[in-house]
Amino acid sequence: MTGAGEDWIGDGLDDIEGTGGFLWAPGVDYIAGWRAAREAADRLNRALLGAGFELSSVRAVASTDETGRGVVRLAGRPDAVDRLAVLLESAA
């Protein structure tokens with residue numbers, strides 16, 4: 001849903017923990033970690049939409065690390081990320 005990009009099945013799995021390339025280790029369940037991250041990314045993306053952000057300007061992206069653990073990354077344009085930071089600072 002909202003946590004996925006154009007290629008939802010590969011979203012985030014092609015760049016594990018910033019390696020810059022495709023990395024798979026035998027026996028590691030990357031899909032389970034990615035699914036957990038995708039659920040969290042979907043929830044955050046719904047919150048971003050509810051706060052008036054467009055997912056084309058800032059969004060959460062599901063990924064995994066080298067051990068298969070889910071990771072959620074925030075990707076966005078600097079102006080949208082600055083706006084999000086102001087919102088979070090005011091909530092704190």
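The residues of the chain are indexed from 1 along the displayed sequence.
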Would you say I31 and R35 make side-chain contact, with heavy atoms under 4.5 Å? yes
Same cluster or not: L48 versus L88, using hydrophobic residues (I, L, V, M, F, W, Y) connected whenever any side-chain heavy atoms lie under 4.5 Å apart? yes
Just how far is it from atom CZ of R77 to atom CG of D82, taken to the nearest 0.5 Å? 11.5 Å
All heavy atoms of V61 vs all of A75, minimum pair found to be CG2-CB, 4.3 Å
Restricting to non-hydrogen atoms, name the atom on A37 and the atom on S63 that form the minimum distance, rounded to 0.1 Å. CB-O, 3.5 Å
Rounded distance (nearest 0.5 Å) linking atom CG of L44 with atom CG of L49: 9.5 Å
Roughly how far, to the nearest 0.5 Å, is OH of Y30 from CZ of R69? 12.5 Å
Between A60 and N45, which heavy-atom pair has the shortest distance, and what is it? N-OD1, 2.7 Å
Heavy-atom closest contact (T64 atom, V71 atom, distance): C-CG2, 3.9 Å
A80 to V58 - nearest heavy-atom pair and separation: CB-CB, 4.0 Å
A51 to L87 - nearest heavy-atom pair and separation: CB-CD2, 4.0 Å
